[in-house]
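Numbered from 1 within each chain, the chains take letters A, B, ... in sequence-line order.
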2 protein chains.
Amino acid sequence: MARRPTVTSVQIAREAGVAQSTVSRVLNGGSVAPGTRRRVLEVLAKYDFQPSQAARSLVGARSGLIGVVIRDLTNPFYPVMIKAMERVLHGQGLRLTLVTDVLTAEEGLALLRREGVDGVVFTSAVADDPLAHRIVDHGIPLVLCHRTLEGFPADQVEADNVTAGRLAADHVLALGHRRIAMVRGPAGASTAEQRGHGFRQRAEDTRGTVLTEVDGSYDYAVAYAAVRALLSEPSPPTALFCQNDVMAYAALNAAAACGVAVPRELSVVGCDDVPLSAWERIDLTTVRQPLARIAEVGVELLLGRLAEPDAPYRHELLPVEFVERSTTAPA
Amino acid sequence: MARRPTVTSVQIAREAGVAQSTVSRVLNGGSVAPGTRRRVLEVLAKYDFQPSQAARSLVGARSGLIGVVIRDLTNPFYPVMIKAMERVLHGQGLRLTLVTDVLTAEEGLALLRREGVDGVVFTSAVADDPLAHRIVDHGIPLVLCHRTLEGFPADQVEADNVTAGRLAADHVLALGHRRIAMVRGPAGASTAEQRGHGFRQRAEDTRGTVLTEVDGSYDYAVAYAAVRALLSEPSPPTALFCQNDVMAYAALNAAAACGVAVPRELSVVGCDDVPLSAWERIDLTTVRQPLARIAEVGVELLLGRLAEPDAPYRHELLPVEFVERSTTAPA
DNA sequence: CTGAAAGCGCTTACAG
DNA sequence: CTGAAAGCGCTTACAG
């Protein structure tokens with residue numbers, strides 16, 4: 001069963017008439033005489049040689065593997081990030097290994113350790129996240145990307161979510177809405193807390209505002225049920241701020257199911273601006289987060305950390321942008 | 001830089017007072033005396049030992065790594081498949097490495113070879129696919145999953161796409177539509193060819209049917225533009241069969257952009273039944289494909305192949321199901 | 001610039 | 001049941 005007719009550097013060396021270490025040097029850019037290099041490169045090309053990653057990471061200081069933790073792969077948000085990360089990583093000759101919610105925290109940690117990842121980009125952190133903490137306990141370089149953790153010993157990058165919440169609130173309040181509901185993400189997710197904080201702040205500053213909060217857990221089904229419940233109350237809100245786009249979609253659909261017209265009877269604002277949100281059938285008013293950029297910066301921070309392990313921690317804050325579409329209207 | 005305070009099996013052996021090979025045996029289920037095993041397990045637990053995958057795959061016959069080729073990660077279709085595959089793989093102690101369209105065929109192949117994958121599940125095959133062919137040329141076990149290739153030397157699993165096309169046609173024709181357009185997937189994709197074949201067959205069997213075909217490449221933007229063009233022709237079709245759901249969404253949105261009412265002026269049928277399709281705002285009539293099941297069977301076929309390399313090739317055909325929602329109406 | 005050698009952390013026969 | 005030893009395919013000092 002051992003499919004092993006693979007060409008090794010020893011065979012390349014033999015055929016090129018050099019030592020195996022010389023092959024290694026041309027592969028890794030060591031100093032080799034031009035003639036020797038050419039001869040080796042020829043044989044390398046002849047066999048389309050690919051060095052074994054297993055051997056490399058066993059002997060080298062680096063495995064060339066970066067772990068990417070993305071719990072909920074079904075949020076349309078993440079494919080965009082994965083692609084952006086892959087692009088940066090690939091440019092550096094690095095690979096990516098995904099940890100989704102198919103694994104528990106313990107299993108995920110075990111996986112990352114067995115694989116010997118050089119570092120981890122963590123996108124799904126929540127307060128007291130067992131996986132994030134265990135990763136740093138094991139001395140594995142980590143960056144918190146998209147969701148952050150205050151005081152956590154790691155580089156971090158996130159959007160300006162407080163401003164996102166404020167922008168959403170300003171819009172809704174300016175339209176005259178005062179009976180408002182906020183569909184929250186999970187407790188412990190920094191994005192949810194910051195967006196909630198920004199929104200609440202503005203709502204409190206505006207006289208006569210009644211703000212109801214319900215949990216949607218950044219989950220379609222949870223948010224859908226929560227919004228249906230909200231809409232069947234005696235005096236339902238006239239505006240909804242959903243802390244992410246997926247929950248806003250759930251809200252739009254729940255409203256449709258309840259026969260509530262958007263935006264005439266109900267205004268809906270999301271947050272993220274996933275590509276879907278621009279679809280005519282959705283056309284969601286939302287706050288744009290620079291998804292791809294967040295992912296790129298996350299990877300870049302990690303690469304910087306690997307290059308300079310003792311540099312002070314960095315914390316990047318990326319700007320957001322209000323996007324008005326057709327799911328909001330005057331009260 | 002070499003983060004290497006990792007505990008190795010040698011240290012476990014020393015602390016447990018046994019040979020390193022004994023540690024290896026308790027790890028891999030070799031025969032070990034109960035007392036010895038207990039002692040080793042204790043030390044293993046004490047350090048939460050994780051064996052190095054690099055060393056394992058270097059020395060063993062298997063790397064425990066399965067390559068999964070998914071070109072277009074942004075199709076909401078694929079997260080469902082990835083999760084299903086991960087689940088099966090994880091149950092067998094195997095891991096997954098993704099190859100998306102960030103890499104060219106050559107780069108993808110190089111990656112799979114360097115990583116030493118035990119096998120590959122290929123979901124995005126097209127006729128004369130360079131990557132698929134090169135993978136088998138290198139003797140790497142391969143299964144074609146979701147999209148197949150006639151006569152290709154590999155296990156294959158797919159939905160009954162010909163029937164899918166027929167079901168879509170039967171529905172539209174029964175509603176009385178005769179001026180019909182089909183938005184096709186890319187030439188060379190078996191799903192597109194089979195769905196097209198089934199649909200065409202029924203259309204040809206029905207007197208008075210005029211079938212126009214346009215290319216949508218299974219891509220939102222391409223399909224969107226194609227449908228807008230279609231709808232601005234002098235006598236546009238009254239019904240559209242989009243060979244996948246993503247293109248059907250594009251069609252719904254293009255119709256909205258053109259002020260064409262669905263389903264009153266235009267009926268739209270998709271194919272796949274991604275979760276999105278059930279949303280009230282979409283509510284797409286479509287043909288359901290057992291996404292998760294296709295993915296599972298794909299992985300199972302590969303595992304079977306690894307266990308029995310010389311077994312005859314299998315070809316599984318999974319049933320589809322028509323799902324009537326609200327994007328279709330009588331002509 | 002180049003080669004001989006050690007060694008990364010495991011699995012797998014091979015003895016006993 | 002258990003240990004000593006070889007070896008997987010590389011990278012990395014170390015000589016020359």
Side-chain angles (χ1 to χ4, degrees), chain A residues 1-41 43-44 47-65 93 110 113-118, chain B residues 1-41 43-44 47-65 93 110 113-118:
Chain A
M1 176 63 276
R3 180 173 49 75
R4 206 184 279 295
T6 312
V7 179
T8 71
S9 60
V10 173
Q11 296 168 55
I12 300 289
R14 190 178 310 140
E15 183 150 343
V18 298
Q20 186 271 328
S21 49
T22 298
V23 174
S24 190
R25 269 184 224 105
V26 340
L27 247 23
N28 299 295
S31 56
V32 178
T36 315
R37 155 163 284 125
R38 208 176 34 67
R39 204 143 33 90
V40 173
L41 283 174
V43 185
L44 248 19
Y47 291 100
D48 188 16
F49 175 75
Q50 296 296 338
S52 152
Q53 269 302 339
R56 279 194 153 165
S57 50
L58 185 57
V59 63
R62 296 273 182 87
S63 67
L65 233 201
R113 290 176 61 207
R114 284 196 306 263
E115 306 248 27
V117 296
D118 293 330
Chain B
M1 175 67 272
R3 181 172 51 72
R4 205 184 278 297
T6 313
V7 179
T8 71
S9 62
V10 173
Q11 296 167 57
I12 299 290
R14 191 178 311 142
E15 184 151 340
V18 299
Q20 186 272 329
S21 51
T22 299
V23 174
S24 190
R25 268 184 225 106
V26 340
L27 247 23
N28 299 295
S31 56
V32 179
T36 314
R37 155 163 284 127
R38 208 175 33 66
R39 206 143 30 90
V40 173
L41 283 174
V43 185
L44 247 20
Y47 290 99
D48 189 15
F49 175 76
Q50 295 296 338
S52 152
Q53 269 301 339
R56 279 194 155 166
S57 49
L58 185 56
V59 62
R62 296 273 181 87
S63 67
L65 233 201
R113 289 177 59 207
R114 284 197 305 266
E115 305 248 26
V117 296
D118 293 331

Exercise. Could you state the atom-to-atom distance from CG of B/Leu27 to P of C/dT12 in whole Å?
Key: 12 Å
Self-check item: Reported OG-to-CZ distance for the pair A/Ser52 and B/Arg113, which is rounded to 0.5 angstrom
Solution: 11.5 Å
Quiz item: If you take atom types as modelled and just measure distance, does the side chain of B/Ser21 reach the base of D/dA5 with a donor-acceptor pair under 3.5 Å?
Solution: no
Quiz item: Between C/dT11, C/dG9, C/dG3, which nucleotide gets closest to the side-chain atoms of A/Leu58?
Solution: C/dG9
Practice problem: Starting at atom CD of A/Gln20, determine the distance to atom C1' of D/dT12, rounded to an integer number of angstrom. | Solution: 11 Å
Quiz item: Rounded to whole angstroms, how far apart are CZ on B/Arg25 and C1' on C/dC10?
Solution: 13 Å
Quiz item: Hey, is the side chain of B/Thr36 poking within less than 4.0 Å of OP1 or OP2 on D/dT2, counting only N and O atoms?
Solution: yes
Self-check item: 5' precedence on DNA chain D between B/Thr22 and B/Ala55 (nearest-nucleotide basis)
Solution: B/Thr22
Exercise. Using atom CZ of A/Arg14 as one end and atom P of D/dG9 as the other, report the distance to the nearest whole Å.
Key: 11 Å
Quiz item: Checking all strands, does A/Ser52 fall into the base, sugar-phosphate, or nothing category for heavy-atom contacts under 4.0 angstrom?
Solution: sugar-phosphate
Quiz prompt | Nearest-Å distance for atom pair CD/C1', residues A/Gln53 and D/dG9 | solution = 12 Å
Quiz item: CZ of A/Arg39 versus C1' of C/dG3: gap in Å, rounded?
Solution: 13 Å
Practice problem: Grab the CZ-P distance between B/Arg113 and D/dG9 for me, whole Å please. | Solution: 14 Å
Quiz item: Tell me, what's DNA chain C's dot-bracket, Watson-Crick or G-U with both distances under 3.5 Å, | for other-strand, [ ] crossing?
Solution: |||.||||||||.|||
Practice problem: Quickly work out the A/Gln50 CD to D/dG9 C1' distance and round it to whole Å. | Solution: 14 Å
